[in-house]
Amino acid sequence: KAELIDNLNVYQAHFNNGQDLRELLLPSKAALLDVCGWLEEAMDKVVIDCASRCNLSPDRLASIKRDYVKKTYGFEYTRHFEKMLTAVIGFKILEQAEAQIGGATLAPFTAALSSLVPLRNHYAHTHLNTAQPYPKDITQIPTPSGLLPYVTQAEQALLALEGALVNLQC
């Protein structure tokens, strides 16, 4: 996470020196994509660490990495993270872990992820066009420093979930 924070600070410095829309959007776009990449990596780590703690056979662990983690491109909670995690622990354990961390931690985390998805999908698959700089129905993107709360919230939620999984011996 420290390197991500350093990157966000660099992006913010470029943003602060921006003189036009392009110079403001480029560091914001880069920061957004960096944060989303970090989210994917953090989720992958939770899954792999959990699979390792479960003492899966080397073949099964390799299968989880190959068939789930490496083939998952995204960070939506249900569509991506839950799919990978339930391949390791099943829905019953996941529901118990979610109950342990509670909705006060889980709901804002999943909402934050959901708010980043349309931005990430747009900016990851389009060039920056200042005539149409935002995805449909969106009028701005977060500044680089404005993404820090997403990182903090995600880290707290993932650490809480990992702690709950450890408590459940997974």
Side-chain angles (χ1 to χ4, degrees), residues 1-52 64-88 98 101 104-163 165:
K1 174 185 160 194
E3 186 171 4
L4 177 64
I5 301 305
D6 289 344
N7 291 350
L8 290 177
N9 289 332
V10 169
Y11 296 135
Q12 186 63 45
H14 286 283
F15 178 89
N16 291 344
N17 292 326
Q19 299 296 313
D20 60 24
L21 184 59
R22 181 180 319 281
E23 291 177 2
L24 294 171
L25 286 174
L26 283 172
S28 292
K29 176 182 178 176
L32 174 75
L33 294 175
D34 214 1
V35 166
C36 294
W38 175 83
L39 283 166
E40 288 187 43
E41 292 172 338
M43 289 176 170
D44 292 350
K45 184 178 182 326
V46 169
V47 172
I48 292 168
D49 289 352
C50 184
S52 297
I64 293 294
K65 289 178 182 178
R66 179 187 66 242
D67 298 334
Y68 291 91
V69 175
K70 287 187 181 192
K71 290 185 178 181
T72 300
Y73 301 99
F75 55 90
E76 291 175 66
Y77 188 84
T78 303
R79 182 175 173 200
H80 300 113
F81 186 52
E82 183 179 276
K83 177 182 171 188
M84 292 189 297
L85 202 50
T86 56
V88 175
E98 290 172 339
I101 67 172
T105 298
L106 192 58
F109 171 55
T110 58
L113 295 177
S114 295
S115 71
L116 291 175
V117 167
L119 293 169
R120 181 260 177 215
N121 290 346
H122 176 79
Y123 290 112
H125 300 284
T126 61
H127 73 284
L128 185 63
N129 177 353
T130 57
Q132 295 177 323
Y134 307 112
K136 185 179 180 186
D137 299 326
I138 296 176
T139 58
Q140 65 182 23
I141 63 173
T143 64
S145 63
L147 291 165
L148 188 56
Y150 293 89
V151 173
T152 303
Q153 187 174 53
E155 181 183 47
Q156 290 171 348
L158 291 171
L159 286 172
L161 184 60
E162 183 117 38
L165 291 169

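As a basis for the values below, the full set of heavy atoms in this structure was taken, side chains included, without hydrogen atoms, waters or symmetry mates. Residue numbers run from 1 in the order of the sequence given.
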message: Check this for me: Phe109, atom CZ, are more than 12 non-hydrogen atoms of other residues, nucleotides or ligands nearer than 6.0 Å?
response: yes

- request: Any chance you could lay out the side-chain contact (heavy atoms from CB on, under 4.5 Å) test for Lys1 and Val151, step after step, and finish with the verdict?
  value: CA-CA 8 Å; Lys1 174 185 160 194; Val151 173; 4.1 Å; yes

task: Determine whether Leu161 and Leu106 make a side-chain contact, defined as any pair of heavy atoms from C-beta on separated by less than 4.5 Å.
output: no

message: With side-chain contact (heavy atoms from CB on, under 4.5 Å) as the criterion, how do Arg120 and Glu40 come out once you've worked through the C-alpha distance, each side chain's angles and the decisive distance to 0.1 Å?
response: CA-CA 12 Å; Arg120 181 260 177 215; Glu40 288 187 43; 4.2 Å; yes

query: Quick check: are there more than 12 heavy atoms from other residues, nucleotides or ligands sitting under 6.0 Å from NZ of Lys45?
result: no

task: Run the numbers on Thr143 and Leu24 for side-chain contact (heavy atoms from CB on, under 4.5 Å), then give the verdict.
output: CA-CA 8 Å; Thr143 64; Leu24 294 171; over 6 Å; no

- request: Flag the pair Pro144 / Ser28 as yes when at least one side-chain heavy-atom distance between them is below 4.5 Å, and no otherwise.
  value: yes

- prompt: If you round to the nearest 0.5 Å, how far is CG of Leu32 from CG of Leu25?
  reply: 11.0 Å

query: Got a second to check how far Leu116's CG is from Tyr123's OH, nearest 0.5 Å?
result: 12.5 Å

- prompt: Taking all atoms of both residues into account, what is the closest heavy-atom pair of Gly146 and Pro149, and its distance?
  reply: O-CD, 3.3 Å

- line: For Pro135 and Pro118 the tightest heavy-atom approach is CG-O, 4.1 Å

Pair Ile48-Val88, side-chain contact (heavy atoms from CB on, under 4.5 Å): steps then yes or no: CA-CA 9 Å; Ile48 292 168; Val88 175; over 6 Å; no

task: Please round to the nearest 0.5 Å and tell me the distance separating atom OH of Tyr134 and atom CG of Leu119.
output: 10.5 Å

- request: Mind listing the closest non-hydrogen atom pair of Trp38 and Ala154 along with its distance?
  value: CZ3-CB, 3.9 Å

statement: d(Phe81 CZ, Phe75 CZ) to nearest 0.5 Å is 13.5 Å

query: Is the backbone of Glu76 close enough, under 3.5 Å, to the side chain of His80 for a donor and an acceptor to pair up by distance?
result: yes

query: Atom OG1 in Thr72, atom CZ in Arg79: separation rounded to 0.5 Å?
result: 10.0 Å

statement: Rounding to 0.5 Å, atoms CG (Leu147) and CD1 (Ile141) come to a distance of 8.0 Å

statement: Contacts satisfying side chain to side chain donor-acceptor pair (under 3.5 Å) that involve residues 10-23 (not counting sequence neighbours) are Tyr11-Asp34, Gln12-Asn16, Gln12-Ser145

- prompt: What's the shortest heavy-atom distance between His122 and Thr126, and which atoms?
  reply: O-OG1, 2.7 Å

